[in-house]
Peer 1: 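Attaching a single structure in structure tokens format; questions to follow.
Any value given below was found using the heavy atoms of this structure, including those in side chains, with hydrogens, waters and symmetry copies removed.
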Number of protein chains: 2
Amino acid sequence: MTIKDIARLSGYGIGTVSRVLNNHSDVSDKARKKIMGVIEESNFQPNSNARQLKRQAASSLSIIVKGNQNMLFADILEKMQMLLSKNGEIAEVSYIDEDANEVECALMLCRERNPKGIIFLGGNLDYFDEFEGIDVPCILVTNSAGSLNISNLSSFYTDDEAAAYKVGSYFIKKGHKKIGVVGGILSATQISSLRYAGCIRSFQENNIPFDEKKGYVQCRFSMEDGYQAMKKLLKNMPDVTAVIALSDTIAVGAMRAICDAGKKVPDDISVIGFDGISLSNYCIPRLTTIKQDTEKMAREGVELMLRQIHYPDEGRDVSIPFKLLERESVRNL
Amino acid sequence: MTIKDIARLSGYGIGTVSRVLNNHSDVSDKARKKIMGVIEESNFQPNSNARQLKRQAASSLSIIVKGNQNMLFADILEKMQMLLSKNGEIAEVSYIDEDANEVECALMLCRERNPKGIIFLGGNLDYFDEFEGIDVPCILVTNSAGSLNISNLSSFYTDDEAAAYKVGSYFIKKGHKKIGVVGGILSATQISSLRYAGCIRSFQENNIPFDEKKGYVQCRFSMEDGYQAMKKLLKNMPDVTAVIALSDTIAVGAMRAICDAGKKVPDDISVIGFDGISLSNYCIPRLTTIKQDTEKMAREGVELMLRQIHYPDEGRDVSIPFKLLERESVRNL
DNA sequence: CTGAAAGCGCTTACAG
DNA sequence: CTGAAAGCGCTTACAG
């Protein structure tokens, strides 16, 4: 069933059918009615490849999410889609692996789907040197792209270094001196490096001794990895009293490992996570964590995108305030 | 940059360029080399809309996932993608809302992307009466489509009724008599209805009194909803000793609510979940749950899809055995 | 082995 | 308000 069939069936030309399909105003009511009838009856749906090919015009937005299982991104995505649909925009979302190249993915999207704009949930700055092929407005969320200085690339991010510094300082203020860090593979993700750097700075400024070899166990962002990393940390530092987990997911795994080692959170070991995903408020004990303001990231990101679609604009690089949520997983020493 | 430019730049015709692009054998080495050089140099990428429009031939598989935050589906998806890529197949995945119409989505995909086959992760049988427009092989996972009798629709599922029956009976065998059920909105999801029916059957066969009005609190599949539902159940049935949560996510919320009410799992109240997602093994206490065999679902689903792509075949409706994982959230009464 | 041409299903000036 | 026609960027018989 093609537009030709509809034209034949309705007795009009394909041009008129196309106009009806695209809601143009210059069609007689009679023609519109007749054609609509045939379309509905035959359940016709225009071929979107032909449509895209012809109009070369952008139809929707694209969102690229790094990681299938990332609960933080799932949260932001949900909020963004709500805002977008409230503004009459549709977004196609593509999930890629946590380590995959998002810019390559964006390039492909540009060719195939021709989006009006692209939102990246998570990103690795290393990949962005191929960015020149992309000329629609882009927004990167949770990472800063400020250092790249690309005019059609904005970013909304949490200051991870400062957040981690706050976590470290908080532990120290609570009297902790034997602090360990689990999670994040430094070479792979900027977020980990930034958070780790913040931890280190807090230790140094407060003269807290820290043995990088023993006190820091790298791992991927999953519960199982957090679990294994914590077990290792417990071996490296049997007297550890406070653990900074570089994400909530890792923290949940770490708390389980602490429990399995016969210790209690926070009585024996205190734990703080990052992100503030929903789970952090339902685990037992409730996790003290850095809450990223996903609400604000989603809102400001979408607003800027909507604006830029219409009026090309300078890129922005906006740090979104975070908050340390004090809950049940930390005790005073 | 189009195929025409490449033809001009290389001194060959567009037909030859196209043949090189599609790896046809009937091209001279000289031409291939020259053209490849130009392609690489100019970083040319064929327009996939034109390609799709022309060849009308299926290129990849599609996977439709119902729910962004569904950790069970994320797990199955990951396994399927691994298997698919091992077999040289690529799958495009589309996420839709937990309540959205997956058949509508599939129909759109068929028009736009022309997939070789479609895999549904989750599905609502009510939507499948519009299925006739789809004629590629389809696989539905975690639901049974057997009752539909559609020849190009197979399903791999857990027998939810039997699983719930087993959970109910297990509690009863452990001496529990005051049993509550949280989660799942019966009118919205078949899975909930099936699981609930299994619970009821176990109660009836064992003469356990059950007041549907008080003992069953419906809720959506999230921790927050599980939390609220459990609070309500606690009010309805202050003497409840065992809770069947219709998913692990709900169970985690429920355990938190129990804890906030000053009670302990499993000492005061036992909890069992469904699905066996990763989290169920890291929460405190570890959750006793029905483990769906995602490994097997993924493997058998992908295998059948691969076979059907090549040799059209009858649909199958296969129940995948589940397992009750006995962990730490249940006690003997 | 190669090129010229038809055609995939649409949209949109253009002419009436 | 409407139709005939050009053309989006490809692929693939067809003819050589």
Peer 1: Could you tell me whether a side-chain N or O of A:Ser154 sits under 3.5 Å from a main-chain N or O of A:Arg316, the two making a donor and an acceptor?
Peer 2: yes
Peer 1: State which of D:dT2, C:dC10, C:dT2 makes the closest approach to the side chain of B:Thr16.
Peer 2: C:dT2
Peer 1: Over how many whole Å does the gap from B:Asn49 atom CG to C:dG9 atom C1' extend?
Peer 2: 12 Å
Peer 1: Do B:Arg19 and B:Ile35 come within less than 4.5 Å of each other through their side chains, counting heavy atoms only?
Peer 2: no
Peer 1: In whole Å, what is the span from the CZ atom of A:Arg51 to the C1' atom of C:dC8?
Peer 2: 16 Å
Peer 1: Anything under 3.5 Å between a protein N or O and an N or O of nucleotides 13-16 of chain C, put it in a table, one pair a line.
Peer 2:
{"residue": "C:dA13", "atom": "N6", "partner": "A:Arg19", "partner atom": "NH2", "Å": "2.9"}

Peer 1: B:Lys54 has a side chain; which of D:dG7, C:dA6, C:dT2 sits nearest to it?
Peer 2: C:dA6
Peer 1: Can you identify which nucleotide, out of D:dC8, C:dC1, C:dC10, has its nearest atom closest to the A:Ala50 side chain?
Peer 2: C:dC10
Peer 1: Within a strict 4.5 Å, meaning less than it, do heavy atoms of the B:Tyr127 and B:Glu104 side chains meet?
Peer 2: no
Peer 1: Between B:His24 (NE2) and C:dC1 (P), how many Å, whole number?
Peer 2: 14 Å
Peer 1: Which residues pass the side chain to side chain contact (heavy atoms under 4.5 Å, CB included) test with B:Lys33, not counting sequence neighbours?
Peer 2: none
Peer 1: How close do B:Ile64 and B:Cys105 get, counting heavy atoms only, and between which atoms?
Peer 2: CD1-SG, 3.8 Å
Peer 1: Which heavy atom in B:Ala145 sits nearest to a heavy atom in B:Ser155, and how many Å separate them?
Peer 2: N-OG, 2.9 Å
Peer 1: If we only count heavy atoms from C-beta on, is the A:Ile320 to A:Gln292 side-chain gap below 4.5 Å?
Peer 2: no
Peer 1: As a quick check of understanding, evaluate side chain to side chain contact (heavy atoms under 4.5 Å, CB included) for B:Val136 and B:Gln308, giving each step before the final call.
Peer 2: CA-CA 9 Å; B:Val136 293; B:Gln308 292 202 334; over 6 Å; no
Peer 1: Check DNA chain C for consecutive Watson-Crick or G-U pairs with both distances under 3.5 Å and list the runs of at least three as stems.
Peer 2: C:1-3 with D:14-16, C:5-12 with D:5-12, C:14-16 with D:1-3
Peer 1: Where along residues 32-42 of chain B does a heavy atom fall under 4.0 Å from DNA chain C?
Peer 2: none
Peer 1: Heavy atoms, side chains only, cut-off 4.5 Å: are A:Asn70 and A:Phe221 in contact?
Peer 2: no
Peer 1: Atom CG of A:Leu53 and atom P of D:dA6: how far apart are they, to the nearest Å?
Peer 2: 17 Å
Peer 1: Using the C1' atom as the point on both nucleotides, what is the distance between D:dG16 and D:dT12, in whole Å?
Peer 2: 16 Å
Peer 1: Identify, residue by residue, the members of residues 1-13 of chain A with a heavy atom below 4.0 Å from DNA chain C, and return them in order of residue number, or none.
Peer 2: A:Thr2, A:Ile3
Peer 1: Please report the distance, rounded to the nearest Å, between CG in A:Asn23 and C1' in C:dT12.
Peer 2: 16 Å
Peer 1: For the pair A:Ile134 and A:Val103, evaluate side chain to side chain contact (heavy atoms under 4.5 Å, CB included) and give the outcome as yes or no after the intermediate values.
Peer 2: CA-CA 9 Å; A:Ile134 302 174; A:Val103 175; 4.3 Å; yes
Peer 1: Would A:Arg220 and A:Asp99 satisfy salt bridge (charged side-chain N to carboxylate O under 4.0 Å, His left out), going step by step from the backbone distance to the final call?
Peer 2: CA-CA 11 Å; A:Arg220 303 194 85 219; A:Asp99 303 319; 2.9 Å; yes
Peer 1: Using the side-chain contact (heavy atoms from CB on, under 4.5 Å) definition, which of the options B:Thr294, B:Val302, B:Val93, B:Asp75 pairs with B:Met80?
Peer 2: B:Val302
Peer 1: Kindly write out the residues that satisfy ring pair (Phe, Tyr, Trp, His ring centres under 6.0 Å) with B:Tyr157, not counting sequence neighbours, or none if the list is empty.
Peer 2: none
Peer 1: From the options C:dT11, C:dG9, D:dT11, select the nucleotide whose nearest atom is closest to the side chain of B:Ser18.
Peer 2: D:dT11
Peer 1: Could you give the CG-to-P distance, from A:Asn22 to C:dT12, as a whole number of Å?
Peer 2: 6 Å
Peer 1: For residues B:Leu148 and B:Phe131, determine if any side-chain heavy atom of one lies less than 4.5 Å from a side-chain heavy atom of the other.
Peer 2: no
